[in-house]
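Shown next, in structure tokens, is the structure this report addresses.
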Amino acid sequence: MAHSQSPMEKQALAIPLSPFGRLRDSDLFQSFMRSRLVVAAALVTVLMLAAALLAPLMAPQDPYDLGSLSLLDANTPPAWAQGGDRRYPLGTDDQGRDILSTILYGTRSSLLIGFSAVLLATALGVTLGLCAGYAGGRIDALIMRIADVQLTFPAILTALLIDGVMLAVFKSHRVEAGKFWVLVISIGLAYWVQYARTVRGVTLVERNKEYVEAARLIGLSPIKIMFQHILPNVMGPVLVIATINLALAIITEATLSFLGVGLPPTEPSLGTMIQIGNRYLFSGSWWMVVFPGVTLALLALAVNLLGDWLRDALNPKLR
Amino acid sequence: MLAFAIRRLIEALLVMLAVALLAFVLFRYVGDPVSQMAGQDTSLEDRIRLRQELGLDDPVFVQFARFIANAVRLDFGISYQMKQPVLALLAERFPATIELALAAALLAVALGIPMGVYTGINRDSWLSKVFLTLSLIGVSLPTFLIGIILIYVFSVWLHLLPSFGRGEVVSVGAWHTGLLTASGLKALILPAITLGLFQMTLVTRLVRAEMLEVLRTDYIKFARARGLSNRAVHFGHALKNTLVPVITVIGLQLGAIIAFAIITETVFQWPGMGLMFIQAVQFADIPVMSAYLLLVAFLFVAINLIVDLVYVRIDPRIRILGRGQ
């Protein structure tokens with residue numbers, strides 16, 4: 001009995017060493033494989049990411065190159081419909097742009113803006129949340145009051161207002177080139193509150209723990225304590241918020257572009273394409289709005305599902 | 001109760017003041033009001049006189065005080081784009097937005113609560129799963145896409161409902177209403193669904209979650225033990241207690257509905273305040289933007305305040321706690 005190990009003990013001793021093996025054994029991966037819907041959502045997201053990254057290589061046409069467009073090809077229906085052209089699998093828009101190529105480039109813009117805006121919101125929210133939680137007192141009260149006020153308004157309205165103000169400020173300058181940054185900043189500033197509140201909550205708990213006290217005793221600066229010691233402990237919830245936020249940011253960008261205050265028609269995002277297509281809905285050119293619309297809906301739904309799953313999987317209460 | 005109300009009122013005033021400061025900075029420093037109002041061939045002396053008339057040379061806090069005094073008297077200046085007083089423009093557009101928002105809220109409540117109750121009681125029925133899947137899609141689809149889909153199906157394809165405008169409008173005093181004509185009601189259907197769908201899914205999910213929670217409590221078990229009918233337990237005992245958080249959320253969502261009306265109004269070319277605001281943003285029409293900002297902030301703050309006070313009225317637990325403090 002002394003020398004024989006039970007199967008359970010054997011399993012416990014056999015620690016998989018390869019990173020892939022560790023990944024396969026993790027709770028996260030197990031819960032991921034259990035839901036077919038989540039796997040499908042991840043697949044869609046990865047496909048869209050790849051399409052966005054490889055857009056310049058994959059797209060049959062460069063939609064930004066106005067010289068390659070021919071107005072004679074405008075409003076061509078998809079290749080399988082009557083009057084379709086095999087050069088344009090999903091048809092063309094009112095400028096004679098290939099819809100498929102424009103969708104690839106548009107997804108690229110949408111994702112790029114989405115990721116950048118989430119990055120900005122995360123950086124801002126996490127920094128302010130850490131400061132509020134760690135410093136406490138007046139700084140905390142000030143930051144949280146601003147957060148409360150901003151939370152009274154829907155984020156889309158905040159983004160719209162910031163976008164409007166920035167467009168007004170830069171009206172005399174070259175605004176077309178700066179529209180990307182206008183969008184990133186307006187969306188980023190609209191969504192920082194949730195990070196700040198969550199991070200502040202966790203920081204309030206963490207700052208009284210012994211490791212923080214020890215760090216303070218050996219004379220580390222508050223900045224080092226906040227970012228090197230407390231920050232790693234708040235990253236879990238931040239990651240969840242960021243994923244759900246990505247879907248929101250993509251939808252917000254599309255909405256702003258649809259409203260005509262986002263990316264210009266010369267460099268269309270999915271929202272701009274839908275806005276253009278919407279004008280031609282009554283003339284029967286359904287393909288100009290349906291394909292970008294489906295792409296946007298799939299992208300938002302897939303990222304949303306991933307975020308929901310991540311929230312549940314990382315929540316120990318639900319296990 | 002009174003102390004609570006006064007404290008909340010002061011907080012609300014502070015928020016309004018902060019928003020007013022924002023609107024003032026926007027109004028005063030984004031773009032030069034003089035160059036916006038004056039024409040190409042206005043002489044330099046005229047420009048200087050205009051500056052003095054507008055009081056742009058006064059100290060900043062004097063200007064801010066004047067801005068607030070004007071805003072309280074509902075004087076928001078003249079639109080750069082339309083060359084008309086902003087107040088008149090807003091007043092003309094206000095009824096359209098309010099009618100749309102109320103119709104959407106009504107729709108969300110009238111459909112959302114029954115669906116929430118049904119999915120809460122019959123957790124595993126297939127109809128519940130259909131409702132919940134639909135609500136997930138409703139949350140994921142952007143509002144403008146829902147509007148376009150509705151237009152495509154009901155206007156372009158089936159030719160059943162109009163796709164833009166308010167239809168025929170009749171005036172009742174100063175209020176132009178579309179609710180009294182057949183074409184006005186028909187024009188309201190699609191925008192109201194578009195605007196109300198997201199709120200409806202929210203209400204459904206909330207009522208469902210609350211019902212699931214309440215149905216597990218002891219007093220429900222006791223009510224069943226007393227031999228009350230399912231109907232009495234579900235609607236008399238359970239639903240009544242789920243309504244407190246639901247009322248709060250619906251109240252707060254009214255503000256969100258007015259904000260999201262911007263998108264719906266753009267899709268359906270609904271002549272409300274949101275459409276005007278979007279046009280103002282595109283033309284950098286600052287007076288309209290800052291007036292809209294103040295108006296929306298006022299609506300939000302007022303709704304928040306009312307919801308807080310109603311909450312205290314209908315939930316005895318908060319009332320007693322408040323007295324204890």
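Within every chain, numbering begins at 1; the chains are lettered A, B, ... in the order of the sequence lines, protein sequences first and strands thereafter.
Looking at Ile250(A), there are no atoms closer than 4.5 Å to chain B (heavy atoms on both sides), in backbone or side chain. In this structure, no portion of Ala18(B) lies under 4.5 Å from any heavy atom of chain A. Both the backbone and the side chain of Leu301(A) come within contact range of chain B, with heavy atoms under 4.5 Å apart. With a 4.5 angstrom heavy-atom cutoff, Leu259(A) touches chain B via backbone and side-chain atoms both. For chain A, the nearby part of Leu293(B) is the side chain; its heavy atoms alone come within less than 4.5 Å. For a residue to count as touching a neighbouring chain, one of its non-hydrogen atoms must lie under 4.5 Å from one of that chain's; by this rule Ala297(A) touches chain B with backbone and side chain alike. Interface remark: Leu305(A) contributes side-chain atoms only to the contact with chain B (heavy atom separation under 4.5 Å). Of the atoms belonging to Val301(B), not a single heavy atom falls under 4.5 Å from chain A.
Below 30°, between 30° and 60°, or above 60°: for Phe64(B) and Phe24(B) the angle between ring planes is between 30° and 60°, a tilted geometry. Aromatic ring pairs are classed by plane angle as parallel below 30°, tilted from 30° to 60° and perpendicular above 60°; the pair Tyr292(B) and Phe277(B) is parallel.
Per-residue heavy-atom pair counts under 4.5 Å with chain A were compared for Leu145(B), Thr143(B), Ile149(B), Leu141(B), and the maximum is reached by Leu145(B). For the set Ile148(B), Val296(B), Thr266(B), the count of heavy-atom pairs under 4.5 angstrom toward chain A peaks at Ile148(B).
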